[in-house]
Amino acid sequence: MADFEPGSSFIPALYKPPSLLPIAQHRESLQYAIETFPVTVVIGQTGSGKTTQIPQFLDQAGWCSDGKLIGVTQPRRVAATTVALRVAEELGCEIGKEVGYSIRFEDLTSTSTRIKFLTDGLLIREALVDPLLTRYSVIMVDEAHERSISTDVLLGLLKKIRKRRADLQIIISSATLQAEEFLRFFTQSGDDKSQPAKEAVKEETGTIISFEGRTYPIDILYLDSPAENYLEKTIDVVLSIHEQEGSGDILVFLTGREEIDQAVQAISERSATANSHSTGLQPLPLYAGLSSEEQMLVFDKTPENTRKVVFATNIAEASVTIEGIVFVVDCGFVKQRAYNPRTGIETLTATPVSKASASQRAGRAGRTRPGKCFRLYTEDSFTNLPEANVPEIQRSNLAPVVLQLKALGIDNVVRFDFFSAPPSDLVAKALELLYALGALDEYGKLTRPLGARMAELAVEPMMAKTLLASHSFGCTNEILTIAAMTSLDGAVWFHHDGERKKMETSRRKFAVEEGDHLTLLNAYQAFVTKGKKETKFCHENHLNYKSMTRAVSIRNQLKRYLERFNIPVDDAMTFDPQDPARRTQQDPARKAEKIRRCLTSGYFAHAARMQPDGTFRNVAGGTILHAHPSSLMFNRKADWVIFHEIMETGDKTFIKDITKVEKDWLFEYAPEFYQLSTK
DNA sequence: GAGCACTGC
């Protein structure tokens, strides 16, 4: 094939008017399958109606007659709510009655609920209280092909539950051709994975049903030689699509914010100077870091004679669907997170996409009519891509997962029947940390009450430990706030274009000498007291209002957990180094020390020491760490510190949310840990 | 002196 010639290989498509949603035709075979086999794998494109229709069929077929629920899990909160709303509408009932949903902070279900949509993470938490999920007659795991950690854990749990509950109907729904793999997982015996499942067993246990989605043909084009610079190539291709192709919007997949902003700028400049065309090109960015208002712009209808080109990250691969996309440009890369169990450092690196990912991206072009996908790599490179993404559970810090499994009664995590087993060094690293935190004893058993309580708290293990230790340090109230604020993952401060300096000034107003954790505490307390939780206060102080209200919710939820554990929380005892009235009541420096000591008792594994050159070294000494520019410790003097997060991006390793501590405290709160690692 | 794809309890 010659170099890109959009227009040269256009395939005229035969337009077939869709009669009914295809799933209606498959209703009978679905009902037969579900009544014959305990496990059904459903293949169907997004938009085939499987998510909304299947639960209704099941309800009509009497699966809720004995007061049991049909549970449908989703990997994302928005999906759970929007799908629930649609099904309620289709059934003509009020949301929360017969059809409801349950996500963190929002439970819209009642005693009359028969169909319940929920996130898979929440269903796992329900299993902590009701290990056999006895309230459900059917569980449908939707979007299983996305292979999130929660989905993978849930699949393992469901397989285990099925051995004790023959009456439980399981439906796995997936968009790709991993169906055989899902079915094999549920049909083979968990004790001997080396033996292929006997056909007879397979026949009795499960079946696969395919729902042909309403899709349109997509013409896929490759480069004939690799692009030297895919960003430049992207701009070229977008411009030539605009000049040579018929109408339709363009979706471009890039890897991150920087690239996207560059591309948007390049297109604005180039289309401003290109006067030849009657129609304009409107470039729009789409990535998670944008405010929701900015994100919403991609859904706006373009003016007459204007073609929309959306430059997006992977957010547009599964989470966000934009109607009217006819052309897709795929750079072939994605920024992927991985975890190095040896160093305990997470990395974020651009990696080639998988074939599954590439076809998902291409599929975004054919939702409303025939489309085209321009892959900015050769057909040869495509052939060499991995079939599927490495599942998240095989490249993450597993401490939260292992703790959760232990709390679910799975003592031998290594023998747990994972859909994809995580590498043993990841599991070992997680066990090591959980032992150091006191969540597990020397036999690897969950400790009580500490480990069990840590598993219940909706924060990561190190923060859970900090929170549960806070009472003995006399700073529960403050740690609750810090836990809530660090859960926001950095979305605290907010600024519009060109206002970064102003934001920095605002942030300095809340700055506390001891570090970021106390600064976050300070900002939160100003928000709830001086700011009276108002948007105006946030605006003036460059705080993200949505994040701050979320922090209030998270804090309340965590507080309720502590109260359930009979850990007293005194909301009146607030720390405020800037309020002179309080300063006389209690010595803020002493309070700050309690908080810093308490943080050390949970974050001792995240300690570092500043070097004369201003960079940090971890305790082992081998890794050069940099204070992230968002940290107060960026360009400030310190000695020993603990930090909330560590991540390697590009060629640097950054630490974020940093607080000054004393070296002695590390030995005081984690003697065993530091003895071991200094050997 | 400078930056992070995405999701979830």
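When heavy atoms are screened at a 4.0 angstrom cut-off, A:Ile315 is found touching the sugar-phosphate backbone but no base atom. At a threshold of 4.0 angstrom between heavy atoms, the contacts of A:Arg337 include nucleobase atoms, whether or not backbone atoms are also involved. Residue contacts for A:Ser148: at a heavy-atom cut-off of 4.0 Å it reaches no nucleic acid atom on any strand shown. Using a 4.0 Å heavy-atom criterion, one finds that A:Arg104 contacts the bases of the nucleic acid, with or without backbone contacts as well. At the heavy-atom level, A:His628 lies under 4.0 Å from base atoms of the strands shown. Among the atoms of the strands shown, none is found under 4.0 Å from any heavy atom of A:Phe105.
Ring planes of A:Phe654 and A:His628: perpendicular class, angle over 60° (limits at 30 and 60°). Relative orientation of the A:Tyr377 and A:Phe382 rings is parallel, given thresholds of 30° and 60° on the angle between their planes.
To the nearest angstrom, C1' of B:dG3 lies 15 Å from CG of A:Leu290. Regarding A:Asn397, its CG atom lies at a distance of 20 Å from the P atom of B:dC6, rounded to whole Å. A straight line from CD of A:Glu456 to P of B:dC9 spans 16 Å, rounded to a whole angstrom. Distance, A:Ile393 CD1 to B:dG8 C1': 13 Å, rounded to whole Å. In this entry the distance linking CD1 of A:Ile658 with C1' of B:dG3 reads 14 Å, nearest Å. One can place NE2 of A:His626 at 12 Å from C1' of B:dA2, the figure rounded to the nearest angstrom. Protein atom CD1 of A:Ile655 is 15 Å distant from nucleotide atom C1' of B:dG3, rounded to whole Å. Across the protein-nucleic acid pair, A:Trp493 atom CH2 and B:dA2 atom P stand 22 Å apart, rounded to whole Å.
Under the rule for a side-chain contact (heavy atoms from CB on, under 4.5 Å), the partners of A:Lys465 that lie at least two apart in sequence or sit in another chain are A:Leu437, A:Leu450, A:Met454. A:Arg104 is linked by a salt bridge (Lys or Arg N to Asp or Glu O under 4.0 Å) to nothing, counting only residues two or more places apart in sequence or in another chain.
Considering only side-chain atoms of A:Arg76, the nucleotide from B:dG8, B:dG3, B:dA5 that sits closest is B:dG8. Proximity note for A:Ala288 (side chain, C-beta onward) versus B:dC9, B:dA5, B:dC6: the nearest is B:dC6. Between B:dA5, B:dC9, B:dG1, one nucleotide has an atom nearer to the side chain of A:Thr313 than all others, and that is B:dA5. The side chain of A:Lys335 lies closest to B:dA5 when the candidates are B:dG3, B:dC9, B:dA5. Taking the side chain of A:Lys652 as heavy atoms from C-beta on, and the options B:dC6, B:dA2, B:dG1, the nearest nucleotide is B:dA2.
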Chi angles and distances behind the side chain to side chain donor-acceptor pair (under 3.5 Å) call for A:Tyr136, A:Glu126: CA-CA 11 Å; A:Tyr136 298 90; A:Glu126 284 189 10; 2.6 Å; yes
Side chain to side chain donor-acceptor pair (under 3.5 Å) evaluation trace for A:Tyr101 with A:Glu106: CA-CA 8 Å; A:Tyr101 68 84; A:Glu106 263 181 272; 2.7 Å; yes
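Taking side-chain N and O atoms only, A:Arg77 has a distance below 4.0 Å to OP1 or OP2 of B:dC9. A close approach under 4.0 Å does not occur between any side-chain nitrogen or oxygen of A:Ser150 and OP1 or OP2 of B:dC9. Distances shown here put every side-chain N or O of A:Thr119 at or beyond 4.0 Å from the OP1 or OP2 atom of B:dT7.
Along DNA chain B, the nucleotide nearest to A:Ala458 and the one nearest to A:Gln336 differ in position, and the one closer to the 5' end is contacted by A:Gln336.
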